[in-house]
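Here's the structure, in structure tokens; my notes come after.
All ligand and atom numbering here is 1-based and tracks the order in the structure. All residue numbers in this chain count up from 1 along the given sequence.
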Amino acid sequence: MADIIKLLPDHVANQIAAGEVVQRPASVVKELLENAIDAGATRIKLIVKGGGKILIQVVDNGVGMSTTDARLSFERHATSKIQSAEDLFNLNTKGFRGEALASIAAIAHVELQTKTEDEEVGTAIHIEGSTIISQEVVVTPKGTSIAVKHLFFNIPARRNFLKSDSVELRHITDEFHRVSLAHPAVAFHYYNNGNELFNLPSSNFRHRIVNIFGKKTNEKLVPVEEETQVVTISGFITKPEFAKKSRGEQYFFVNNRFVKSPYLHHAVLAAFEGLIKPGAHPGYFLTLAVDPASIDINIHPTKTEIKFDDEQTLYAILRSTIKHSLGQFNVAPTLDFEHDNNLETPYDYRNKSAVIPKVEVDASFNPFADEKLDVSRSRQNSGVPNYKKQSSQSWEGLYVENTPEVSGMPNFDGLSFESDVSTGSIFEDEKGNLDAAAITFQLRRKYIITTIKSGMVVIDQGRAHQRVLYERFLRSVTLNEGVSQQLLFPIQLSFSSSEIAILEEIKDNLSTMGFVFGEISTAMVEINGVPPLVAEAEVVSIFDELMADCQQNVGGDGFSQADVLSKALCKSLAVKTGDVLDVISQAALVNDLFACTESILSPFNKPIYITITENDIDKKFI
Ligand code: ADP
Ligand code: MG
């Protein structure tokens with residue numbers, strides 16, 4: 001047989017390598033920013049267009065490259081940062097694989113301009129898909145500018161895989177945060193489509209955090225300092241009361257490199273144990289300095305994962321250092337290490353029910369109130385303390401049927417929603433039975449049990465309520481008929497600029513759901529009104545969760561955005577396991593559920609109820 005093995009041509013090898021190094025525009029941003037840092041830049045400018053798909057440009061005032069180096073920098077395994085394998089154990093630079101520029105040049109149009117201190121003129125190189133198009137002499141200041149255009153121009157499959165501009169921009173911003181936090185002394189400018197997103201002056205770590213995440217962050221930070229033989233830890237954690245429902249800002253930097261470490265993350269959580277609600281996430285910005293020989297950063301091509309020689313010791317040191325800071329700064333009034341988490345929970349629920357009456361008043365508010373609503377109000381006043389999210393009578397009022405005549409809006413009388421007629425299939429001929437029976441029972445604060453002709457139904461209360469709320473929100477967006485309730489005092493929420501950017505995107509849809517926005521600045525949003533079923537006290541946590549859910553998911557067209565928002569809101573607002581529902585609320589929930597267009601699956605595709613037939617029960621008794 002003839003020989004069949006061939007060496008891959010360089011440009012093919014580079015394209016394959018690019019698959020590892022460059023997943024999306026944000027990966028290019030990371031590599032270019034890190035190269036600029038390695039080049040000793042003190043000022044770095046990042047310019048992005050079209051979510052990085054049209055242009056990513058990084059300009060630095062670092063050491064620059066000679067003409068030969070400029071040309072060599074695009075070769076694979078060409079690096080000035082290590083010379084021998086031993087150097088790998090003493091890394092002080094971000095890069096070392098010499099793959100980034102070669103990979104990027106294989107899958108994009110790249111324009112490089114660079115000049116060193118002692119050269120008169122610089123070098124300009126233009127490459128498209130590993131092919132050098134031109135090389136010229138240029139007049140340019142000391143430093144390097146690399147512009148990457150039309151990413152994945154020659155790999156349509158990868159290009160199609162990219163998300164919307166706004167989602168890609170968010171990934172880029174995340175990367176920008178990581179690099180700029182790791183290097184507070186370096187000044188950064190960041191522009192998107194011609195607008196300045198960040199202008200970060202050279203500063204210390206604390207100022208850098210505040211400059212990125214907003215002034216309000218300052219008061220939330222608690223310093224952390226510890227020096228041991230193994231590791232020097234410094235940085236900040238956020239006070240427990242500012243723990244968020246979303247993962248929020250959690251950063252580890254090991255030797256000035258952002259890393260992901262589930263293990264160390266766990267150490268931080270362990271230190272916060274008992275101080276924050278279960279499921280809440282503390283923020284942290286922690287820098288760890290360790291001996292470069294004691295870590296291996298080579299285990300992941302994008303170098304965000306790291307292997308420590310002695311993880312267990314690090315874990316213990318980190319955990320106790322943070323506990324110490326929390327105690328020292330009087331953040332935890334009494335640090336009780338034997339603290340029983342479970343004791344905290346019921347108290348929390350007590351708190352929760354304390355705000356419930358408020359919600360009920362909200363619930364009956366409807367500018368187009370009609371008889372039905374009055375009925376529900378009097379019913380609620382006569383002691384329905386727990387089904388805080390409105391009975392079916394009142395929420396039906398939010399749907400169009402009641403509104404057109406009063407508001408003079410187009411008449412929807414002829415419109416019949418599926419939900420008016422449809423019931424879950426198994427109830428097709430049993431609905432009457434279900435209503436008439438109206439016997440419900442709450443099991444373990446989690447399930448509502450009710451009877452049907454053929455036996456019984458066990459309903460997951462949380463999922464059922466999610467379904468009810470989800471359809472309600474989706475409908476108010478689709479019909480642009482959300483009702484809102486004016487707040488007596490507008491609520492001001494502070495956000496980071498990237499969160500504000502998300503908010504700008506989702507604002508219109510939220511408005512149709514009943515949120516009323518006042519002034520929106522670069523770091524603050526004023527809320528003047530909320531949908532009737534949102535309690536004032538819940539607004540902060542709801543937006544917190546919304547932001548978390550939207551970080552990854554929003555984008556795309558109006559419908560998918562409405563879907564994401566409705567899901568996020570129904571998740572925050574629905575009753576949960578542990579919430580006690582009285583009999584009337586239970587019945588209302590059951591009715592509401594089976595009036596839904598879809599009552600079998602929750603918005604998150606989980607079964608809402610199961611049925612147990614008499615037959616099933618009989619069999620058990622054999
Ligand atoms: P690595 O960073 O792993 O060495 P790269 O492909 O990212 O590999 O870069 C290759 C080489 O090009 C670097 O080692 C460096 O010498 C040079 N280089 C890249 N970017 C810059 C820059 N902004 N300023 C100066 N030199 C640079
Ligand atoms: Mg590099």
Side-chain angles (χ1 to χ4, degrees), residues 10-11 13-23 26-47 56-85 87-88 90-108 110-119 122-127 130 132 135 138 140-148 151 175-176 178-180 182-183 186-189 255-258 292 297-304:
D10 264 2
H11 70 277
N14 284 340
Q15 265 197 22
I16 295 170
E20 266 199 348
V21 181
V22 184
Q23 276 107 34
S27 332
V28 173
V29 169
K30 174 181 190 286
E31 295 296 337
L32 296 186
L33 289 178
E34 289 190 345
N35 278 348
I37 301 270
D38 283 345
T42 57
R43 303 192 71 82
I44 298 175
K45 198 151 71 170
L46 167 64
I47 301 162
I56 296 164
Q57 185 174 13
V58 170
V59 185
D60 69 57
N61 65 352
V63 292
M65 286 178 265
S66 68
T67 305
T68 321
D69 282 354
R71 187 73 180 244
L72 258 181
S73 69
F74 291 104
E75 295 295 322
R76 208 138 69 93
H77 307 307
T79 179
S80 55
K81 298 167 193 175
I82 55 171
Q83 266 143 37
S84 66
D87 292 348
L88 274 176
N90 193 20
L91 274 178
N92 288 309
T93 51
K94 311 273 135 190
F96 54 85
R97 297 161 64 104
E99 263 176 351
L101 287 188
S103 302
I104 294 167
I107 49 161
V110 177
E111 287 163 23
L112 163 83
Q113 293 204 353
T114 187
K115 189 182 94 66
T116 58
E117 176 90 71
D118 31 76
E119 279 174 324
T123 310
I125 294 179
H126 181 174
I127 299 189
S130 299
I132 300 204
Q135 176 169 344
V138 285
T140 179
K142 177 203 147 201
T144 304
S145 158
I146 300 185
V148 177
L151 189 65
E175 223 41 88
F176 176 80
R178 293 166 178 181
V179 177
S180 58
H183 300 277
V186 178
F188 285 90
H189 285 254
N255 295 356
N256 293 330
R257 183 194 296 277
F258 170 83
I297 36 188
N298 208 3
I299 59 171
H300 194 275
T302 56
K303 296 167 288 199
T304 51

What atoms in ligand 1 come closer than 4.0 Å to a heavy atom of E99?
-> 6 (O), 8 (O)
Shortest non-hydrogen contact from E119 to T67?
-> OE2-N, 4.0 Å
Ligand 1-proximal atoms of V58, by part, heavy-atom distance under 4.0 Å = neither
Does some side-chain heavy atom of I44 sit less than 4.5 Å from a side-chain heavy atom of L46?
-> no
Below 4.5 Å, heavy atoms only, C-beta onward: do L101 and N35 meet side chain to side chain?
-> yes
Inter-residue atom distance I132.CD1 - R71.CZ, 0.5 Å rounding = 3.5 Å
Under 4.0 Å to a heavy atom of S73 - the qualifying atoms of ligand 1, by number = 10 (C), 12 (O)
So, does E31 sit close enough to ligand 1 that a heavy atom of it is under 4.0 Å from the ligand?
-> no
How about V58 and L33: do any of their side-chain heavy atoms sit closer than 4.5 Å?
-> yes
Any heavy atom of A100 under 4.0 Å from ligand 1? The part involved is both
Quick look: E34 vs ligand 1, heavy-atom contacts under 4.0 Å, and the answer is neither
Pull out every atom of ligand 1 sitting under 4.0 Å from any heavy atom of M65, numbered as shown with elements.
-> 17 (C), 18 (N), 21 (C), 25 (C), 26 (N), 27 (C)
Give the C-alpha distance, both sets of side-chain angles, the deciding distance and a yes or no for side chain to side chain contact (heavy atoms under 4.5 Å, CB included) between T144 and D60.
-> CA-CA 5 Å; T144 304; D60 69 57; 3.6 Å; yes
Heavy-atom check, side chain of L112 versus side chain of F74, under 4.5 Å = yes
Minimum non-hydrogen distance to atom 24 (N) of ligand 1, winning option of T144, D38, L112, V63 | T144
So is there a nitrogen or oxygen of L101 less than 3.5 Å from a nitrogen or oxygen in ligand 1?
-> yes
